[in-house]
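Report on one structure; see the data block that follows.
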Amino acid sequence: MDTKKLLYCVLCYFFLSLLSGQQVVQGHLAPHHHHDHSHRHRHLIKSGGSSKLFVFGDSYADTGNTNKSSSTVWKDPYGITFPGKPAGRFSDGRVLTDYVAKSMGIRSPIPYRWRKFGIPLLIYGMNFAYGGMGVFPTYASIPGPNITTQIDFFQNLITDNVFNISDLQSSVTLVTLAGNDYFAYILKNGGAQGLESLIPKVVTQLTVDLERIHGLGAKKIAVTALQPLGCLPWSTTTSSFQQCNGTYNSLVKYHNLLLEQAVAKLNKETNDSAFVIIDLYASFMSVIQNKGEEQGSIKFENPLKPCCFGISSNYSCGSVDESGAKKYALCEDRQSAFFFDFVHPTQEGWLAVYAALQPTLKQLF
Ligand SMILES: *[C@@H]1O[C@H](CO)[C@@H](O)[C@H](O)[C@H]1NC(C)=O
Ligand SMILES: *[C@@H]1O[C@H](CO)[C@@H](O)[C@H](O)[C@H]1NC(C)=O
Ligand SMILES: *[C@@H]1O[C@H](CO)[C@@H](O)[C@H](O)[C@H]1NC(C)=O
Ligand SMILES: *[C@@H]1O[C@H](CO)[C@@H](O)[C@H](O)[C@H]1NC(C)=O
Ligand SMILES: *[C@@H]1O[C@H](CO)[C@@H](O)[C@H](O)[C@H]1NC(C)=O
Ligand SMILES: *[C@@H]1O[C@H](CO)[C@@H](O)[C@H](O)[C@H]1NC(C)=O
């Protein structure tokens with residue numbers, strides 16, 4: 001590589017560091033959170049900082065892939081906590097991907113959309129997740145690649161030798177599926193009637209996708225179990241954020257049961273226990289039920305109430321009218337809200353979920 005190219009890469013690296021709000025300190029990792037330094041250090045030694053994270057899925061994992069022109073997350077107040085401005089994360093700050101990377105002792109992998117910016121950025125893997133996506137086509141208004149197509153992108157990069165087999169063998173893969181296939185069904189049909197029959201189809205397609213990632217050479221593949229959809233502000237708004245909707249949660253339990261069976265079968269067939277479930281149902285529930293309580297102090301006074309919401313049902317978080325006037329309300333203390341908008345946790349919410357997921361995440365490394 002000549003000097004000019006090298007300089008270009010270094011500049012891009014810096015540019016992207018600014019973009020993603022992360023810091024590079026003398027070639028080492030700057031800790032995201034001061035309170036977790038020793039923990040991070042231990043993992044760094046263990047993994048040598050060499051393993052990559054590959055990510056597929058939706059808004060629970062997307063760190064900037066979503067098309068700017070079709071997504072509200074590129075507008076205020078998304079990203080207000082981290083990186084300080086909208087950057088394509090569906091939260092006020094960090095999301096699940098960032099915390100999985102953190103537990104591996106690496107920086108959050110770059111979004112696929114930035115792949116042209118050079119080799120130095122690829123050492124932490126790549127994030128192929130796009131908000132709004134599922135295993136099947138979801139919303140006409142949000143164009144983007146389903147999980148199959150995201151894996152196609154990955155496969156093309158392997159063919160082009162951007163990632164090789166040893167990268168894959170030492171990698172961790174995260175696949176999120178937060179329910180867009182189901183949301184899209186509910187929107188289209190005006191309710192959840194008949195949704196049960198879609199569930200086995202979604203899980204079957206997800207299983208095909210997981211098997212394919214394994215077939216490419218990935219050794220550790222973590223897939224999320226569905227979070228309690230009945231506890232999302234999206235469904236608790238009818239009870240003024242007072243109680244979870246049991247109808248939705250039963251459907252979620254059915255999805256998760258089928259997923260558990262499918263993953264057990266995959267592990268049996270492949271012999272190497274490659275597949276791990278990240279149980280977002282249990283972790284969301286435990287945080288919601290104990291209000292994020294840590295050492296006797298309650299963090300989330302009403303964990304079901306979102307921080308950001310439209311001023312009427314015609315508007316959502318981030319909406320503005322023709323004149324640019326805000327049509328949403330934002331809570332004062334984002335740290336005391338579990339949900340940011342009607343579907344997505346706050347950074348503080350994800351941090352609490354991450355804490356609850358520690359025993360699972362340990363299985364990955
Ligand atoms: C983003 O969305 C716009 C409008 O829907 C579309 O014209 C454009 O091709 C999309 N860009 C990408 C990179 O998908
Ligand atoms: C995923 O998207 C591609 C491209 O739009 C489409 O051809 C394919 O059928 C989709 N996959 C599934 C499982 O729906
Ligand atoms: C795979 O790529 C890595 C860089 O990501 C490189 O260090 C390694 O030598 C390559 N391995 C093979 C087998 O090509
Ligand atoms: C739960 O959601 C279902 C489906 O939308 C709805 O029919 C039902 O009334 C809701 N239950 C409660 C307690 O809000
Ligand atoms: C799994 O193990 C069995 C018995 O040791 C072996 O016959 C089979 O080929 C293995 N399957 C794979 C996918 O490695
Ligand atoms: C919401 O939108 C509908 C249709 O566009 C309109 O008739 C209604 O007045 C709006 N409601 C509010 C509260 O703005």
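Counting convention: from 1, in listed order, for ligands and their atoms alike.
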* May I ask you to check whether Gln243 has an N/O atom sitting below 3.5 Å from an N/O atom of ligand 4? => no
* Structure fact -> At under 4.0 Å between heavy atoms, what of Asp167 touches ligand 3? The answer is side chain
* With a 6.0 Å cut-off on ring centres, are Tyr78 and Phe340 close enough? -> yes
* Just jot down the ligand 2 atoms closer than 4.0 angstrom to any heavy atom of Asn146, in number order. => 1 (C), 2 (O), 3 (C), 8 (C), 10 (C), 11 (N), 12 (C), 14 (O)
* Aromatic ring pairing Tyr60/Phe284, orientation class (parallel under 30°, perpendicular over 60°, tilted between) -> parallel
* To do: Would you kindly say whether Ser108 and Asp98 are connected by a side-chain donor-acceptor distance under 3.5 Å?
  => yes
* To do: Hey, could you give me the OG/CD distance between Ser286 and Glu293, rounded to the nearest 0.5 Å?
  => 11.5 Å
* **Distance-only polar pair, side chains of Asn245 and Ser235, donor-acceptor under 3.5 Å** => no
* To do: Go through ligand 2 atom by atom and flag the ones less than 4.0 Å from a non-hydrogen atom of Pro137.
  => 14 (O)
* **N/O separation below 3.5 Å, Thr247 to ligand 4** => no
* To do: Flag the pair Lys299 and Asp333 as a salt bridge only when some basic side-chain nitrogen lies within less than 4.0 angstrom of an acidic carboxylate oxygen.
  => no
* Pair Phe339 and Phe241, ring centroids less than 6.0 Å apart -> no
* Among Asp181, Thr149, Thr204, Asp209, whose heavy atom sits nearest atom 4 (C) of ligand 2? -> Thr149
* Asked: Does atom 14 (O) of ligand 4 have any protein heavy atom closer than 4.0 Å?
  -> yes
* Structure fact -> Val135 heavy atoms within 4.0 Å reach ligand 2 at atoms 12 (C), 13 (C), 14 (O)
* To do: Verify the neighbour count for atom CD of Gln335: are there more than 12 heavy atoms of other residues, nucleotides or ligands below 6.0 Å?
  => no
* Asked: Is the shortest N/O to N/O distance between Gln205 and ligand 2 below 3.5 Å?
  -> no
* Atoms in ligand 3 with a heavy atom of Asn164 nearer than 4.0 Å -> 1 (C), 2 (O), 3 (C), 8 (C), 10 (C), 11 (N), 12 (C), 14 (O)
* Asked: Is there a protein heavy atom less than 4.0 Å away from atom 9 (O) of ligand 3?
  -> no
* Location of contacts on Lys52 toward ligand 3, heavy atoms closer than 4.0 Å -> side chain
* To do: Taking the six-membered ring for Trp and the single ring otherwise, decide whether the centroids of Phe153 and Phe128 are under 6.0 Å apart.
  => no
* To do: Do me a favour and list the nearest non-hydrogen protein atom to atom 5 (O) of ligand 4 with residue, atom name and distance?
  => Tyr248 OH, 2.9 Å
* Asked: Considering Asn245, Ile186, Thr237, which one's heavy-atom position lies nearest to atom 6 (C) of ligand 4?
  -> Asn245
